[in-house]
Every structure is written in structure tokens, then in C-alpha cells.
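Each chain gets a letter, A, B and so on, in the order the sequences are listed, and its residues count up from 1.
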Amino acid sequence: GAVVSQHPSRVICKSGTSVKIECRSLDFQATTMFWYRQFPKQSLMLMATSNEGSKATYEQGVEKDKFLINHASLTLSTLTVTSAHPEDSSFYICSASRLAGVRGHGDTQYFGPGTRLTVL
Amino acid sequence: SQQGEEDPQALSIQEGENATMNCSYKTSINNLQWYRQNSGRGLVHLILIRSNEREKHSGRLRVTLDTSKKSSSLLITASRAADTASYFCATVGTSNTGKLIFGQGTTLQVKP
């Protein structure tokens with residue numbers, strides 16, 4: 001159990017286009033999902049916390065109008081990179097918490113396989 | 001923001017040897033977790049240690065936590081070539097948000 005999927009796994013787009021990445025918890029409900037970005041040979045940087053039914057909470061320095069997050073159901077969160085530019089090229093990873101009753105206080109996060117975004 | 005520092009940044013050992021990675025953090029934590037990431041892949045959760053625990057074992061993994069020094073170590077015993085990966089520590093703070101803050105990671109190469 002506790003499988004998280006991401007789609008697509010890899011996307012190449014032209015500069016100026018928008019790209020949507022989906023994150024799904026396949027066999028559990030996750031009221032909280034997290035989005036990370038990882039540049040080559042670097043660690044994961046938390047971008048935002050996505051709570052089902054409410055607005056996402058963005059980390060300092062992350063543009064909320066650039067990275068639109070929607071968490072419409074207990075099993076799906078989407079990240080849309082709007083008007084993508086080459087500097088947005090990165091590995092985007094989501095994770096989901098299997099909550100134990102308290103919002104945002106899951107102990108273990110289950111990670112998706114990541115989405116490699118390349119903006120030409 | 002990244003609060004964890006990991007040491008060493010890179011480690012190369014022979015199969016069968018033990019590998020030790022260290023992690024330091026800055027703020028109070030609820031728990032600390034270790035993850036593995038194979039190149040270009042997602043993360044695999046290895047082990048979680050809570051702030052009131054000092055040591056935890058899982059198979060060939062041993063994790064220690066010293067909250068007074070704000071540090072943790074991950075020991076992989078009898079390493080295998082398949083253990084080659086990047087290893088990250090990540091902390092969950094006491095603010096009840098569940099956010100994971102990752103360290104910079106250690107790249108481990110185990111030579112057959």
C-alpha cells in the first residue's frame with residue numbers, strides 16, 4: 001500500500017507554455033500533499049504544501065502565480081507551471097501523507113516517482 | 001529552506017564495508033527521517049526516528065539521533081552494490097505542519 005503516482009514522468013515543452021503535473025495517491029486518502037523541486041545533484045526543495053479543499057501554502061521565494069496548485073480531491077493534487085521558461089526545467093516530486101487524524105501531521109510521506117520537466 | 005547539512009557529501013566504499021552518513025539540523029524536531037534516492041528516481045523512505053528515541057534499527061540500517069547535538073547518523077552495514085544511491089535526511093519540525101525539510105544529501109557509491 002501507500003503508492004503515489006505522478007503523471008507525466010517526463011515532459012518537454014516550449015518556452016511560454018503551461019505544463020500540468022498530476023500527483024495521485026492510489027490506495028489511500030491524503031488530505032495533505034507536498035510539492036518539491038530538485039535541481040541536478042541537489043537536494044529537494046519544498047515548494048508548497050497542498051491541503052485538500054483549501055489554498056496551498058507556498059514556501060518563501062516560490063511564486064504562487066507561477067506554480068499553481070490545486071488539491072481538488074483526497075487523492076489528487078496538480079501542479080501547473082505557468083508560462084514555463086528554461087530556468088523552470090527541473091525534477092518535480094510530490095509526496096502524500098497518510099494522515100492519522102490530524103491535518104498536516106502525517107509521520108511518513110510517500111513520494112511519487114517524479115516528473116522531469118525540460119523547457120526549451 | 002534547507003536546514004540539514006550532511007556529511008560527507010560523497011562516499012565511496014567497497015562492497016561489504018560499512019557506510020556511515022551524518023546529518024545535522026538547526027531547529028527543534030518532531031522526528032527525523034532518512035530517504036534513499038536512486039539517480040533520477042523518486043524517494044524511498046528508509047526509517048523514521050522520533051525526537052524521544054536515540055537509536056533505531058531496520059535490517060542493515062542503524063540510525064542514531066542526538067537531539068542535544070542536533071545530529072543523526074545512518075549506518076549501513078555490509079554494504080552492497082545495490083546500496084549505491086543518494087541518501088537524504090529530512091526533519092519534521094514541531095510546528096505541526098508535517099513539512100519535511102531535507103538535508104543536502106550524501107552520494108554513496110558501493111563498488112563491487
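- Formation of a donor-acceptor pair under 3.5 Å by the Ser43(A) side chain with backbone atoms of Gly105(B) is not found in this model.
- To the nearest 0.5 angstrom, Lys99(B) atom NZ is 3.5 Å from Glu59(A) atom CD.
- Taking hydrophobic clusters as Ile, Leu, Val, Met, Phe, Trp and Tyr residues chained together by side-chain heavy-atom distances below 4.5 Å, Ile29(B) shares a cluster with Ile47(B).
- Heavy-atom pairs under 4.5 Å with chain A were tallied for Ala90(B), Gly40(B), Ser39(B); the largest tally goes to Gly40(B).
- For the side-chain contact (heavy atoms from CB on, under 4.5 Å) criterion with Leu43(B), the lone passing option out of Phe111(A), Tyr110(A), Tyr36(A) is Phe111(A).
- For the side-chain contact (heavy atoms from CB on, under 4.5 Å) test, no residue two or more places apart in sequence or in another chain qualifies with Lys55(A).
- Around the CZ atom of Arg60(B), the shell of radius 6.0 Å holds more than 12 heavy atoms that belong to other residues, nucleotides or ligands.
- For CD of Glu53(B), the number of neighbouring non-hydrogen atoms (other residues, nucleotides, ligands) closer than 6.0 Å is greater than 12.
- Using a 4.5 Å cut-off on side-chain heavy atoms (C-beta onward), Leu46(A) and Leu100(B) make no contact.
- Rounded to the nearest 0.5 angstrom, Gln37(B) CD and Phe91(A) CZ are separated by 6.5 Å.
- Phe88(B) and Gln42(A) get closest at one heavy-atom pair: CZ-O, 4.2 Å.
- Transitive grouping of hydrophobic side chains (ILVMFWY, heavy atoms separated by less than 4.5 Å) brings Leu11(B) and Leu61(B) into a common cluster.
- A single hydrophobic cluster is not seen to contain both Leu68(A) and Ile93(A); linkage of ILVMFWY side chains at heavy-atom distances under 4.5 Å, directly or through other members, places them apart.
- Residue contact with chain B, scored on non-hydrogen atoms closer than 4.5 Å, is absent for Gln6(A).
- Inspection of non-hydrogen atoms places no residue of residues 8-21 of chain A under 4.5 Å from chain B.
- No more than 12 heavy atoms of other residues, nucleotides or ligands lie within 6.0 Å of NE2 in His7(A), so this atom counts as exposed by the packing criterion.
- The number of heavy atoms from other shown groups lying within 6.0 Å of NZ (Lys66(A)) is above 12.
- Hydrophobic clustering (side-chain heavy atoms under 4.5 Å, transitive across Ile, Leu, Val, Met, Phe, Trp, Tyr) keeps Phe34(A) apart from Leu76(A).
- In the hydrophobic clustering of this structure, Met33(A) does not group with Val81(A); members are Ile, Leu, Val, Met, Phe, Trp, Tyr whose side-chain heavy atoms approach within less than 4.5 Å, directly or through other members.
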